[in-house]
Number of protein chains: 2
Amino acid sequence: MNEYIGRVKELLEKKNLVVIATECEVWYHGKVESYLPQGDRVIVIKQDRVLLVHQPSGVNPINYMKENTEHNIVENSEGIFLKSKNTLLKDYMEIKFHRIYFVSSFLLEDSKDIIVSGSEKDMSDMIYYNPYLIEDGFKPFSREEHTRFGFIDVFGTDANGKIVVIECKRDFADFKAISQLHRYIHKLVKSKGIPESSVRGIIAAPRISDNALMMLKEYGYEFKSINPPKYLEKYDSNQKRLFEY
Amino acid sequence: MNEYIGRVKELLEKKNLVVIATECEVWYHGKVESYLPQGDRVIVIKQDRVLLVHQPSGVNPINYMKENTEHNIVENSEGIFLKSKNTLLKDYMEIKFHRIYFVSSFLLEDSKDIIVSGSEKDMSDMIYYNPYLIEDGFKPFSREEHTRFGFIDVFGTDANGKIVVIECKRDFADFKAISQLHRYIHKLVKSKGIPESSVRGIIAAPRISDNALMMLKEYGYEFKSINPPKYLEKYDSNQKRLFEY
DNA sequence: GGGGAGAGATGCCGC
DNA sequence: GCGGCATTTCTCCCC
């Protein structure tokens, strides 16, 4: 274990990315307090001083420290510890190592960013550039607008000159989406002195929950079933392979 | 690289936890589509067949596959790939390996669960058992109650027999907390035919945002500044160590 | 399984 | 830094 600990110390100083498989205990003190009893875990310390503690299963880390955390190995009569402190966020972690299975490391280069398609923003873009998806005569004049009455996905007018406020959801629209739409329209009506009858509210989403539909009808809003766009090439399920980019 | 790939294949079959440091490209197709250009990453495949792709920095994985995903190494004229498929969730990932820096592995034993204190539930428990924290004469009669008018944190009566509905927030209370409280009270008043004037709404949180405070005053509710409890022993910042549990 | 709500949510952007 | 909001949110619990 001492060789491993020496190696970890050295790697932490070099600011390498370090992976440790270990049997350990973990204490955390910050917004909450937590204690993780002795057991097998994988610890990753990244080059930006992020620390992740992963259980043998599950997607999310069971404990973590955010970027720019200080990490120090401390050996004393009670055992061998990794003590971590984030002064800015005022949180602390302490890991007691009982056994170390392996230590791996490498200096990774900063990576490129991910390109994602099919988000809510892509949906509002799609509607903005293809207004017929809502209805004939719909004229959008802004999207993703931060106004003093809130953040509106798509904003425009219909064939009869009525104001149209559209709230997009990439998946199910629930009652929260309706109250979000209602809040925008309420503030809009109040601040501009427009009669409520000249504003239409539309939820654009693939589907809507029963509760949300009820709430929507109460407010006199409309639902338009629209799927989020996927610009990237499709996975070819016959060939079981992904496509050239 | 071929040795590494052979090792990964073997380890995937043995269902070990595998850590790979690699220069790679990643495609994902599921609820969204994404493409991650060539760069350095750390890949973790867990024993429950979870796959994580981590950038050299940041807390969250940039791509992931959930539990029970199938993973297969595929070598063809286009290169060496890890192809992953989750039939249940209908999502797919493809990783093209350009270089492999290291491969590590170990068979970890399932770990114990974490113990957390300082959550919203702990807060409602604390208020339930220490009602004077709200005010003298407050008598709670339920907590964390799922009712047909919603999920109420603490429910009780005050010294004058008025009904008290308390919504707890472990951190800042924002306008959503107020509308949540309003929704409960509105439904309660409607379903029980109680006059609105005989129900008091209280937000219990360490702090409240300006917007939320305005909204709270409009509805005639009250704010009580309360911190979430932390039962576990405190981190001693002088001694820089944690304590016996 | 859907629905409602919390989370050490995280992360992004705008003011 | 706060605010408002999306997220392959995740997770839990109830109906």
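Since the structure is predicted, the reported quantities are computational estimates derived from the model, not experimental observations. So you know, we letter chains A, B, ... as the sequences are listed, proteins then strands, and number each from 1.
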- prompt: How are the rings of B/Phe81 and B/Trp27 set to each other: parallel, tilted or perpendicular (split at 30° and 60°)?
  reply: tilted
Given atom [atom1] of [X] and atom [atom2] of [N], what is their separation to the nearest angstrom?
X: B/Lys66; N: D/dT11; atom1: NZ; atom2: C1'; value: 10 Å
X: A/Asp113; N: C/dG11; atom1: CG; atom2: P; value: 13 Å
X: A/Lys46; N: C/dT10; atom1: NZ; atom2: C1'; value: 13 Å
X: A/Gln180; N: D/dT7; atom1: CD; atom2: P; value: 11 Å
X: A/Asp210; N: C/dG4; atom1: CG; atom2: P; value: 10 Å
X: B/Ile114; N: D/dC12; atom1: CD1; atom2: P; value: 12 Å
X: B/Met93; N: D/dT8; atom1: CE; atom2: P; value: 12 Å
X: B/Asp153; N: C/dG6; atom1: CG; atom2: P; value: 7 Å

Hey, could you give me the [atom1]/[atom2] distance between [X] and [Y], rounded to the nearest 0.5 Å?
X: A/Ile208; Y: A/Asp171; atom1: CD1; atom2: CG; value: 12.5 Å
X: B/Leu82; Y: B/Thr22; atom1: CG; atom2: OG1; value: 10.0 Å
X: A/Lys112; Y: B/Glu25; atom1: NZ; atom2: CD; value: 9.0 Å

task: Check whether any side-chain nitrogen or oxygen of B/Tyr92 sits under 4.0 Å from OP1 or OP2 of D/dT8, and answer yes or no.
output: no
- prompt: Does the C/dG4 base have a donor-acceptor partner in the side chain of A/Asp174 within less than 3.5 Å?
  reply: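 Answer is no: no donor-acceptor pair is held.
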- prompt: Donor-acceptor pair under 3.5 Å: do we get one between A/Asn60's side chain and the base of D/dT11?
  reply: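 Checked by distance alone, the answer is no.
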What distance, rounded to whole Å, do you find between the two [atom1] atoms, one in [N] and one in [M]?
N: D/dT8; M: C/dA5; atom1: P; answer: 23 Å
N: C/dG4; M: C/dG8; atom1: P; answer: 23 Å
N: C/dG11; M: C/dA7; atom1: C1'; answer: 14 Å

Of the nucleotides [options], which has the atom closest to the [X] side chain?
X: B/Glu120; options: D/dA6, C/dG8, C/dA7; value: C/dA7
X: B/Tyr64; options: D/dA6, C/dA9, D/dC10; value: D/dC10
X: B/Val59; options: C/dG8, C/dG11, C/dG4; value: C/dG11
X: B/Phe172; options: D/dG3, C/dG4, D/dT8; value: D/dG3
X: B/Arg170; options: C/dG6, C/dA9, D/dC10; value: C/dA9

message: Applying a 4.0 Å non-hydrogen cut-off, can you work out what A/Glu67 is touching in the nucleic acid: base, sugar-phosphate, or nothing?
response: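 No contact.
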query: Using a cut-off of 4.0 Å on non-hydrogen atoms, how would the nucleic acid contact of B/Lys121 be classed: base, sugar-phosphate, or nothing?
result: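 It contacts nothing in the nucleic acid.
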- prompt: Want to settle it: does B/Gly58 or B/Cys168 sit nearer the 5' end of DNA chain C, counting the closest nucleotide to each?
  reply: B/Cys168
message: I want to confirm an ordering. Mapping A/Ala212 and A/Leu89 to their closest nucleotides on DNA chain C, which one lands closer to the 5' end?
response: A/Ala212
field: Mate of D/dC12 where both pairing distances stay under 3.5 Å, Watson-Crick or G-U
entry: C/dG4
Residues [X] and [Y] bridged, charged N to O under 4.0 Å:
X: A/Lys31; Y: A/Asp91; answer: no
X: B/Lys169; Y: B/Glu120; answer: yes
X: A/Lys96; Y: A/Glu94; answer: no

- prompt: Is A/Phe175 stacked on the base of C/dG4, with ring centres under 5.5 Å apart and planes under 30° apart?
  reply: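 By the stated criterion, A/Phe175 and C/dG4 do not stack.
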query: Between A/Leu88 and B/Lys31, which has a closest nucleotide on DNA chain D that is more 5'?
result: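 Going by which nucleotide is closer to the 5' end, it is A/Leu88.
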message: Both B/Asn63 and B/Lys176 contact DNA chain D. Which one's nearest nucleotide lies toward the 5' end?
response: B/Lys176
